[in-house]
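To start, the structure under review is shown below, and the notes come after it.
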2 protein chains.
Amino acid sequence: MTVTLADVAAHARVSPATVSRVLNGNYPVAAATRERVLRAVSELDYVVNGPASALAAATSDLVGILVNDIADPFFGIMAGAAQAHLNAPADPSAPVRTNGERLAVVCNTGGSPARELTYLTLLQRQRAAAVILTGGAIEDDEHSAAVAAKLARLAEAGTRIVLCGRPALSGPGAGPVHATLSFDNRAGARRLTEHLLGLGHTRIGYVAGPAERTTTRHRLEGHRDALSAAGVAHDPALVLHGSYDRASGRAAAAQLLSAAPDLTAIVAANDTIALGVCAGARERGLRIPEDLSVTGFDDLPSATDAVPALTTVRLPLYEAGARAGALATGAGVPGGVEVVPAELVVRGSTKAPL
Amino acid sequence: MTVTLADVAAHARVSPATVSRVLNGNYPVAAATRERVLRAVSELDYVVNGPASALAAATSDLVGILVNDIADPFFGIMAGAAQAHLNAPADPSAPVRTNGERLAVVCNTGGSPARELTYLTLLQRQRAAAVILTGGAIEDDEHSAAVAAKLARLAEAGTRIVLCGRPALSGPGAGPVHATLSFDNRAGARRLTEHLLGLGHTRIGYVAGPAERTTTRHRLEGHRDALSAAGVAHDPALVLHGSYDRASGRAAAAQLLSAAPDLTAIVAANDTIALGVCAGARERGLRIPEDLSVTGFDDLPSATDAVPALTTVRLPLYEAGARAGALATGAGVPGGVEVVPAELVVRGSTKAPL
DNA sequence: TTGAAAGCGGTACCAG
DNA sequence: CTGGTACCGCTTTCAA
């Protein structure tokens, strides 16, 4: 059988209550007693029973991090940063459970609304201490309502909700959210297109992400804002939607370039798409940037490795993830919304059109 | 307050025991009663209390997946696959808890021995149903012993242990492991170097991973095996160790090429390093593969995007992850060891030396 | 087929 | 400062 707290108590010749107090360090215990208990713990190789502890205390040390695609470094970087900063509490006076160690768990929704809800239920079932939702949200009234309802239930049960790289919930759904870190996707996208316009480009293709995502919409809106501010007519035929992957970018490039051979630039909604666009363009014999300017978004190392000259918009993913981790441990003002700036990084992948 | 099973029982006018039986579906219950209970559940929006359930049943539905680097798609692909196949049990007769849904959680060790142990303890504390350890293991007697001991304790408590992309434990530590999927890194590396030798290369540099990793050692051994089989003298000065990242590859390439300008090929221990090697070589004005052949390992899409012509060794990461997920749910023969083949993928990044 | 009740392993309140 | 002891919410015999 596994060792229980009662075993430790017997071994140390104290009451279970005392052992619990020593372990949680939230109550005065005589140094000698404490010593004895700790020795018993290590002698018996005792490990707290998480479920029992969570049941009794009505909270657990589990923190869920929801990501849309675990194979995408965009999420990996944020999740890793969050995880790393969960165990370095901003507030040292915070009550310490067992070791103060939180079990950060990454849940891969694959972008599926159903799985997003399933994971939230699973985390609710585990009475998670916090939930961090990362990346763009799905824009669908029914789904949004369901998520908002779930989040409300979670918050009710004491789970702290943090949004990272996702726009703040509006209306009644915003209540339960402890903190929001939203990326300034719109401004970033606007700056990117302004940069192209500044170089003289006017025929610009745009390869967007999935239609029902907030990131997709915001980045596209930024692009359009820049166009209309410059008085350039917006041609809907130059915008193609797809998924956030390379294949989508390749296909879109092929389609755009054959439909509109006069394009001088293509804006991709993210770096992975941009890589595909470059591939698609090269397959048509175009050189980048001599014949076609291409831009990305997110500034992922994996993309700039492939195309070091890629002009992109840099989102501070690591910093945002780290901040989200800290917020999940209780830092920050409840209900706070922080906008994370998106910085234009100009490299060689854009040049003035002929 | 949150809704409890007792509330559901009252609402459905049955005993808590009956509600439990309905929810777990592992006991005969009259259809009418069952109906009534299910309606009560949905009317009250009841969600099982995981900790309480785990405490009473002495098992949980949590599955931990340990990875060395969550920002690396190598692990992302395996983890995502495992997660996806955890909820499609191979054995339909397996006892179904709550919904049969397991909470797959990805734990990022960052390659740190201490964090690996910490996570194992955390999972032990949660009474995890299974633990999947992915990727190369750290080769250090003390650490290995500690991990083996931990795994033994976990197995004792009913946690199923699966190794994925990690060599089988030998000796007494092998006991608790339910299944092992080991990549045939050595054979893959051997084939890769044989390919280069076949082209006529004899001065071959090698950029290895961290010294204390099994993957590092096995791949390097495969390389050396090929060299000695071909009667090519092994020059230790041509082997450099570093971490599994791009920077390490770039630096190593610079160092190798200045120390041994007569190199005609460089073998990188994985794709990320290969990317760095290409970058480093190009910085010295070398063209690939005209002036220098470069090979990778793992065949990650993110790498072949960057260098589509990269000759690599393909490991079926998704398939292996999926299999590991199935094994974690109980499939397969206890104690089984499966060797996953590594397939050489020849592309344009290698050519015969002048 | 269903109900009653004894735990599962900790926590935290109340005494002492 | 320490011990005794009701729970926490669910599972699972044992009876009915």
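In what follows, chains are A, B, ... by sequence order, proteins preceding strands, each numbered from 1.
Across all strands, V29(B) comes closer than 4.0 Å only to sugar-phosphate atoms, never to a base (heavy-atom distances). S20(B) comes within 4.0 angstrom of a base, heavy atoms only.
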For residues 27-42 of chain B, run the donor-acceptor check on the side chains, cut-off 3.5 Å, and write out each pair with its distance to 0.1 Å, sequence neighbours left out.
residue : atom : partner : partner atom : Å
R36(B)  : NH1  : A12(B)  : O            : 2.5
S42(B)  : OG   : R39(B)  : O            : 3.2

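Taking side-chain N and O atoms only, Y46(B) has no distance below 4.0 Å to OP1 or OP2 of dG9(D). The side chain of T18(A) contributes no N or O atom lying less than 4.0 Å from OP1 or OP2 of dT2(D).
In this structure, CG of N49(B) is placed 17 Å from P of dG9(C), rounded to the nearest angstrom. Per the geometry, OH belonging to Y27(B) stands 10 Å off C1' belonging to dT2(C), to the nearest Å. Taking atom CG on L5(A) and atom P on dG9(C), their separation rounds to 11 Å, with Å as the unit. The distance from atom CZ of R125(B) to atom C1' of dG10(C) is 13 Å, rounded to the nearest whole Å. Across the protein-nucleic acid pair, Q126(B) atom CD and dC8(C) atom P stand 20 Å apart, rounded to whole Å.
With distances taken from any side-chain atom of A56(B) to the nucleotides dA12(C), dC10(D), dG3(D), the minimum falls on dC10(D). Set against dC8(C), dT2(C), dG10(C), the side chain of S53(A) has dG10(C) as its closest nucleotide. The nucleotide whose nearest atom lies closest to any side-chain atom of N26(B) is, among dG3(C), dT2(D), dT12(D), dT12(D).
Interface residues of residues 30-41 of chain B facing DNA chain C, ordered by number: A30(B), T33(B); criterion, heavy-atom separation under 4.0 Å. Contacts between residues 7-17 of chain B and DNA chain C, counted as heavy-atom distances below 4.0 Å, involve V14(B), S15(B), A17(B).
Counting only residues at least two apart or on different chains, the salt bridge (charged side-chain N to carboxylate O under 4.0 Å, His left out) pairs with a member in residues 105-117 of chain A are E116(A)-R166(A). Sorted by first and then second residue, the salt bridge (charged side-chain N to carboxylate O under 4.0 Å, His left out) pairs with a member in residues 44-58 of chain B read R153(A)-D45(B); sequence neighbours excluded.
Using five terminal pairs a side, the axes of the helix from dT1(C)-dA16(D) to dG16(C)-dC1(D) at its two ends make an angle of 30°, given in steps of 10 degrees.
If you check distances only, the side chain of R21(B) does reach the base of dG3(C) with a donor-acceptor pair under 3.5 Å.
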